[in-house]
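What follows is a short report on a single structure.
Ligands are counted one by one from 1 in listed order, and the atoms in each one are counted from 1 as well.
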Amino acid sequence: MLVYGTITMAGAESGSQKKVFDAEAASFLVKELRESFGSGRTRSYEWRVSQVKALLKAVVENEDQIVDALRSDLAKPPLETVVYEVGMFKNSCEVILKELKHWMVPEKVKTSISTFPSSAEIVPEPLGVVLVISAWNYPILLSLDPVVGAIAAGNAVVLKPSEIAPASSSLLAKLIEKYMDNSFIRVVEGAVDETTALLQQKWDKIFYTGNGKVGRIVMTAAAKHLTPVVLELGGKSPVVVDSNINLKVAARRIISGKWGLNNGQACISPDYIITTKDCAPKLVDVLKTELENCYGKNPLESEDLSRIVSSNHFARLSKLLNDDKVSGKIAYGGEKDEKKLRIAPTVLLDVPQDSLIMGEEIFGPLLPIITVNKVEESIDVINSGSKPLAAYIFTNNKKFKEQFVKNVSAGGLLVNDTVLHLVVHTLPFGGVGESGMGAYHGKFSFDAFTHKKAVLYRSFAGDASLRYPPYTDTKLRLMKALIGGSIIGIIRALFGWS
Ligand code: NAD
């Protein structure tokens, strides 16, 4: 048997044989997994729990290797890896292990008088064979979190990690081969060609994390087979800062959500700040002080900041910074080291809306501030763009907070902090509009990979002639009353009073 789960990039050596992961190989892989899924093994609670535990074990036993892989891919600080990649994944597994039995129980629901006598339930069933395509910025969490959701829901899974984080990708392939039941769970490493080959196949769900351009490619491929998708995309997540708040706490929380999350390379990272013209200089001062407290006088040397993932992304971010429209706008930072792919935390004040930096998701350590006369104007500024993945607001003003929650549409909102909504497993995590579709985390992960099957049970009793021809006026009256659902209406119809 060819085990594609361990095959790396197209053309990579595997023993003495060169194996290319093309459409034929992808088709073979899906066929194999479909046959395995057909055995019904993944449906049992025991199989699901054993695989969730195995994946948890793979991560716990190899935490040091995960830290090393992320250091190699992104110079990610170990604390960030342990908290946001390993810790969050462990939490997901613990929630599943605690709740899965309960999630799997069919839900009894009421029936209507028109089906009397009957009973009904919603039976959660696995979708089948699913594909997870993940991104480079949190390469472990963004791969394993959807995978463990798919397993909990009883599916067979293929994971395609991001080629932009090669050490993490290869570690994932090794760990899944070693720890997991490979009859049902595989990894295919690779880039565009391999993903294209996978996307040509018929899946029962595709869960994609990444940018909207590729999101469109994924959805187009899925449409061909009527395959449902979850698209976890990004966007420009704004932070609104009101005056008359504790600016120091706000600044520290913005720093933690921006530079403390992979140096701004995170989907829910604060993308830009909106504040009033009065508040902006005070906010910049506090940000400067707090940034220096966190990363010292020479942040390019700080061990607590990830590097930029690749020279392409370094060039993209440099272009945003070199745009004429923002020249002279740097209020703090701006230092770069191209050889080491490092960019210091950078704050830009009063950038124009038509600058390059305001035209795309920044996904890096640059933080522009735009100013308005009144903080309430921020709602229109946000709503004039695409719906973001997250929107943050720092305020003590109850009325403004309510206005914001009511009028700003985003994947998620957070009041007086950044990013933390991500760790609350009772909240769905996902985008809206350009920031994506579908959601996961906690029970939402289980639901994302589950079909809720409607089942109605009847017996042979109560076989009223009402529904059968020949149709009569009495039957029509009774049917109308039944559809209306009112007992009185049915009695009236029976006695010919309606
Ligand atoms: P990426 O480059 O790792 O690409 C994501 C995946 O798409 C990879 O597995 C890659 O192989 C595949 N891919 C790339 N080009 C393809 C093509 N032409 N055809 C088929 N597959 C292709 O990651 P990225 O897109 O640079 O990730 C950054 C983006 O992802 C940002 O917009 C960010 O906001 C978003 N993101 C969202 C979330 C979320 O949870 N919502 C999380 C992380 C990142």
Side-chain angles (χ1 to χ4, degrees), residues 8-10 21 23 26 73-74 84-85 88 92 131-147 149 158-169 172-173 187-201 203 206-222 229-237 258 261-262 264-271 308-310 312-314 316-317 360-364 386-390 410-412 419 421-423 427-441 444-445 448:
T8 53
M9 311 270 287
F21 191 85
D73 287 333
L74 283 149
Y84 296 114
E85 305 255 11
M88 283 194 52
S92 294
L131 173 64
V132 172
I133 304 172
S134 78
W136 54 264
N137 60 333
Y138 284 83
I140 303 295
L141 182 73
L142 297 178
S143 297
L144 297 187
D145 226 20
V147 164
V158 173
L159 166 67
K160 211 301 289 173
S162 174
E163 72 282 12
I164 314 286
S168 302
S169 174
L172 283 165
V187 175
V188 172
E189 291 192 78
V192 177
D193 288 349
E194 291 77 5
T195 318
T196 305
L198 287 167
L199 285 173
Q200 284 167 3
Q201 312 310 312
W203 302 91
I206 301 175
F207 188 109
Y208 166 80
T209 303
N211 67 74
K213 198 170 143 227
V214 176
R216 283 166 168 81
I217 295 174
V218 170
M219 203 166 165
T220 305
V229 292
V230 170
L231 299 180
E232 290 284 340
L233 312 178
K236 288 186 84 60
S237 298
K258 176 79 176 176
L261 270 194
N262 207 22
Q265 301 167 106
C267 55
I268 47 169
S269 170
D271 188 276
I308 305 306
V309 70
S310 66
N312 283 349
H313 278 279
F314 188 92
R316 180 183 62 79
L317 290 161
E360 63 176 71
E361 180 183 2
I362 296 168
F363 220 64
S386 302
K387 293 178 181 180
L389 186 57
V419 170
H421 60 304
L422 178 82
V423 302
L427 288 173
F429 182 74
V432 55
E434 287 282 322
S435 54
M437 61 184 71
Y440 70 137
H441 287 186
F444 303 98
S445 294

Legend entry - Enclosure of M219 CE (heavy-atom neighbours >12, cutoff 6.0 Å):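 12 or below, so no.
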Need the ligand 1 atom indices (1-based, order shown) with element for anything under 4.0 Å from a heavy-atom of [X].
X: G234; answer: 34 (O)
X: S162; answer: 1 (P), 3 (O), 9 (O)
X: I164; answer: 2 (O)
X: L389; answer: 41 (N)
X: L142; answer: 42 (C), 43 (C)
X: E163; answer: 8 (C), 10 (C), 11 (O)

Inset, instruction - Run through T195, L131, I206 and flag the one making a side chain to side chain contact (heavy atoms under 4.5 Å, CB included) with V218. - result: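 Answer after filtering T195, L131, I206: I206.
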Under a 3.5 Å distance rule, please check whether [X] uses its side chain to pair with a backbone N or O of [Y] as donor and acceptor.
X: K258; Y: G364; answer: yes
X: N211; Y: K213; answer: yes
X: Q200; Y: A23; answer: no
X: S445; Y: H441; answer: yes
X: S435; Y: K387; answer: yes

Looking at ligand 1, does any of its N/O atoms fall within less than 3.5 Å of an N/O of [X]?
X: L233; result: yes
X: T209; result: no
X: N137; result: no
X: G210; result: yes
X: N211; result: yes
X: W136; result: yes
X: K160; result: yes

Legend entry - With sequence neighbours excluded, residues passing side chain to side chain contact (heavy atoms under 4.5 Å, CB included) with F444: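 Counting only residues at least two positions away or on another chain, F444 forms a side chain to side chain contact (heavy atoms under 4.5 Å, CB included) with P428.
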Inset, instruction - Please work out whether any backbone atom (N, CA, C, O) or any side-chain heavy atom from C-beta onward of S134 is under 4.0 Å from ligand 1, and answer side chain, backbone, both or neither. - result: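 Backbone only.
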Legend entry - Proximity to ligand 1 by part of F363, non-hydrogen separation under 4.0 Å: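 The answer is the side chain.
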Legend entry - Pair E360 + R316, salt bridge at N-O below 4.0 Å: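 Looking at E360 and R316, the cut-off is met.
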Inset, instruction - May I ask whether F429 places a heavy atom under 4.0 Å from ligand 1? - result: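 True for this residue.
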Inset, instruction - For this output row, return yes or no: ring centroids of F363 and W136 closer than 6.0 angstrom. - result: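 For F363 and W136, the ring centres are under 6.0 Å apart.
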Inset, instruction - Would you tell me which option among I268, D271, V214, I217 has the nearest heavy-atom contact to atom 13 (N) of ligand 1? - result: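 Nearest option to atom 13 (N) of ligand 1, by heavy atoms: V214.
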Do me a favour and list the nearest non-hydrogen protein atom to [atom] with residue, atom name and distance?
atom: atom 17 (C) of ligand 1; answer: V192 CG1, 3.9 Å
atom: atom 36 (N) of ligand 1; answer: C267 CB, 3.5 Å
atom: atom 31 (C) of ligand 1; answer: E361 OE1, 3.5 Å
atom: atom 7 (O) of ligand 1; answer: Y208 CE1, 3.4 Å
atom: atom 21 (N) of ligand 1; answer: T195 CG2, 3.2 Å

Legend entry - Distance, nearest 0.5 Å, that separates OG1 of T220 from CZ of R216: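 Spacing of OG1 (T220) from CZ (R216) equals 9.0 Å.
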Inset, instruction - State, with a plain yes or no, whether a side-chain heavy atom of V188 is found less than 4.5 Å away from one of L159. - result: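 V188 does not reach L159 side chain to side chain.
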Inset, instruction - Assess the side chains of S237 and D271: does a donor N or O sit below 3.5 Å from an acceptor N or O? - result: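 On atom types as modelled, these side chains do not qualify, holding no pair under 3.5 Å.
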